[in-house]
Protein chains: 2
Amino acid sequence: MTEALTDIPPHAFNELRDLIIEKRDKLPRRLAQVAAYTIEFPDDIAFGTVGSISERAAVQPSTLVRFAKALGYSGFSELQAVFQQRLRDRPNNYEARLQAFDEHTSGHSPAMALIDGFSEAATRSVERFKARIKPEDLDEAARILAAADTIYLIGLRRSYPITAYLSYALGTLGIKTVLAGSPSGVDREILSFAGARDAALAVSFTPYAPMTVEYTRQVVGQNTPLVAITDSPFSPLALNTSVWFEIVESDFEGFRTLAAAMTLAAALAVAVAERRRGVGKQNENSELSGR
Amino acid sequence: MTEALTDIPPHAFNELRDLIIEKRDKLPRRLAQVAAYTIEFPDDIAFGTVGSISERAAVQPSTLVRFAKALGYSGFSELQAVFQQRLRDRPNNYEARLQAFDEHTSGHSPAMALIDGFSEAATRSVERFKARIKPEDLDEAARILAAADTIYLIGLRRSYPITAYLSYALGTLGIKTVLAGSPSGVDREILSFAGARDAALAVSFTPYAPMTVEYTRQVVGQNTPLVAITDSPFSPLALNTSVWFEIVESDFEGFRTLAAAMTLAAALAVAVAERRRGVGKQNENSELSGR
DNA sequence: GCTTGTTTGGAACTTATATTCCATTTTCCT
DNA sequence: AGGAAAATGGAATATAAGTTCCAAACAAGC
């Protein structure tokens, strides 16, 4: 019988492709025929039905199922999901054409230079952040914040959008936050309520806003655990801090974006929520179930 | 019965997209909802089943069939074929695919999975934004905002960090702004001062905060020029707007980042500042230069 | 050339998918 | 407000799909 020849079949298209090419010679005639067809017309595998594909590949429908099983999948649908995943969320024809259009109509305009510059700065910032972050820091920060009764968010000026976003994101996740630094301006009184059972998250970049530093000292003095997001190990926020993240944003024309800090904020919010929810379910990557 | 409104439905995705956008306003509520979903998640239409799509779009399966028929197709499958065709026979940007898969399979710890996921979402958002933006829109927006006496910034909830950032960035560039949507909450009175010589910038994403829509109507009613940042041509902000930007942020585990919107905000701030400086130099006795 | 194990074709079966239909709700007009 | 028309939700139905099964064909070893 044509049993599964593989332990775990690949999820990624590239691996599957390599597997098919490698197995090709060892497969019986009809299955090899299918293998060739899948390599030559991957789009057809992604969109067709067992009936339509088998017709075009000149085999029986059952042969397609056998082929999938020979590769270790439970059936044809599972194999097909890999071919579909390859086409999802990719830049498509429509967008590619738009892009081409934009590039040759006004690729050199001053406006486009700004867009390009800031886009590149954002992408670089995010990439560097990803490369440098220590996952255990994220875990630790999530632990601290998840254990907090209330999370006090401290951020002024350029950092304020970050804390504002965290306030929103954590709020939608059902986590209580207090946002300092808003134009209302009664921050010190608000922060005086922070205690050991709460936690604070402070964000500040060079040049550090004196208020942020002062507020941070205050809450630390009240024995409130602190998580900091800043841009240098020498930042005043990095001292007396339970855990801190270093975020260095690339700049363009002297302006720094917030892309990396925002990315960290989003990840942090979800990490906290997941931890609160208990260990919850692991992120199942079973988005492949379609059809 | 919802009869076919069209003679022959389009075969090409671009035509279909235009048709949907055009028809959108004339369609009943649920069908309009489907219209918005098809524009926002075309890949899902291409690959999903009636059941899965209807679930994610929060409508009944029958509504999808009705939608297809309202557009002139014989059924949903015929409509779906157009969405599939769009993804077929694409140019082989094989490198991009390889890269995407490598990134997708990298992270191992749950924390790193979050970082990777949001980083990828941020990068994708920025790339897509860069590909789709029309530089002349940026020029036009900069012209409007540079000519303004005061710039009124309207953004609530998820959009608030964007306007908060703009408030900071424009402020450091010496441009007068008023930020609505802050927790202080006296927005309507503040916005009532906006006039024809000012300008407003509104930011809102699905689900549109009713307050944002209301504020926007108010300032437009006061003849204040409006620049909007939103996520769909169907957004209430895209109507009655001098110029608007479409920002579609990729999501990860249902959470959207702000990377693309922030990038646009940064570019916009600098573009406005540059234009002001330029105008000031060119005609020094201009009434616009004063501030 | 016979036997054994594998492969293949095609029909039967089972699952799930798209579509239709109808009762109910909502909207719009008088 | 009252009534007609349109729209909606949800179950029922018909269709199509994927999968399994078995007999026939084939290949390999004795």
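- From A:Leu64, atom CG reaches atom NZ of A:Lys69 across 13.0 Å, with rounding to the nearest 0.5 Å.
- B:Phe13 contributes atom CZ, which lies 12.5 Å from atom CD of B:Gln84 (distance to the nearest 0.5 angstrom).
- If you find the closest nucleotide of DNA chain D to B:Thr63 and to A:Gly75, the one lying nearer the 5' end belongs to B:Thr63.
- When rounded to the nearest whole Å, the span between CZ of B:Phe67 and P of D:dA6 equals 20 Å.
- Taking only side-chain atoms of A:Val65, from C-beta outward, the nucleotide of C:dT19, C:dT20, D:dT20 with the closest atom is D:dT20.
- Axis angle between the ends of the helix from C:dG1-D:dC30 to C:dT30-D:dA1, five pairs each and rounded to 10 degrees, works out to 30°.
- The phosphate of C:dT8 has neither OP1 nor OP2 within less than 4.0 Å of any side-chain N or O from A:Gln60.
- Classified by interplanar angle (parallel below 30°, tilted 30° to 60°, perpendicular above 60°), the ring pair B:Phe252/B:Phe118 is perpendicular.
- Rounding to the nearest 0.5 angstrom, the gap separating the OG1 atom in B:Thr163 from the CD1 atom in B:Ile151 is 12.5 Å.
- Atom CZ of B:Arg66 is separated from atom C1' of D:dG9 by 8 Å (rounded to the nearest Å).
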Within the sub-3.5 Å range, which N or O atoms of nucleotides 27-30 of chain C have a protein N or O partner, and how far apart are they?
none

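- If you take CD of A:Gln80 and P of D:dG18, they are 7 Å apart, rounded to a whole angstrom.
- Listed by chain and number, the residues in a side-chain hydrogen bond (donor to acceptor under 3.5 Å, both in side chains) with B:Ser242 amount to none (sequence neighbours excluded).
- With hydrogens and angles ignored, the 3.5 Å screen pairs no side-chain donor or acceptor of B:Glu55 with any backbone N or O of B:Gln60.
- Taking only side-chain nitrogens and oxygens, A:Lys69 never comes nearer than 4.0 Å to OP1 or OP2 of D:dT19.
- Atom CG of B:Leu64 is separated from atom P of D:dA7 by 17 Å (rounded to the nearest Å).
- Comparing atom distances between the A:Pro61 side chain and each of D:dT19, C:dG9, D:dT8 picks out D:dT19 as nearest.
- A:Ser62 contributes a side-chain N or O that forms a donor-acceptor pair with the base of C:dG10 under 3.5 Å.
- Taking atom OH of residue B:Tyr73 and atom P of nucleotide C:dT19, one finds them 13 Å apart after rounding to whole Å.
- With rounding to whole Å, B:Glu78 atom CD is found 17 Å from C:dT17 atom C1'.
- Distances from the side chain of B:Ser77 to the nucleotides C:dG9, C:dT19, D:dG9 place C:dT19 closest.
- Residues satisfying the side-chain hydrogen bond (donor to acceptor under 3.5 Å, both in side chains) test with B:Thr230, not counting sequence neighbours, are B:Ser235.
- B:Phe255 pairs by the ring-ring contact (aromatic ring centres under 6.0 Å, His included) definition with nothing, not counting sequence neighbours.
- If you take CG of A:Leu79 and P of D:dA17, they are 18 Å apart, rounded to a whole angstrom.
- Remark: C1' of D:dG18 and CZ of A:Phe47 are 19 Å apart, rounded to the nearest angstrom.
- Counted by atom type alone, B:Glu214 and B:Gln218 present zero donor-acceptor pairs between their side chains at under 3.5 Å.
- Within the structure, salt bridge (Lys or Arg N to Asp or Glu O under 4.0 Å) contacts touching residues 153-164 of chain B (residues at least two apart or in different chains) do not occur.
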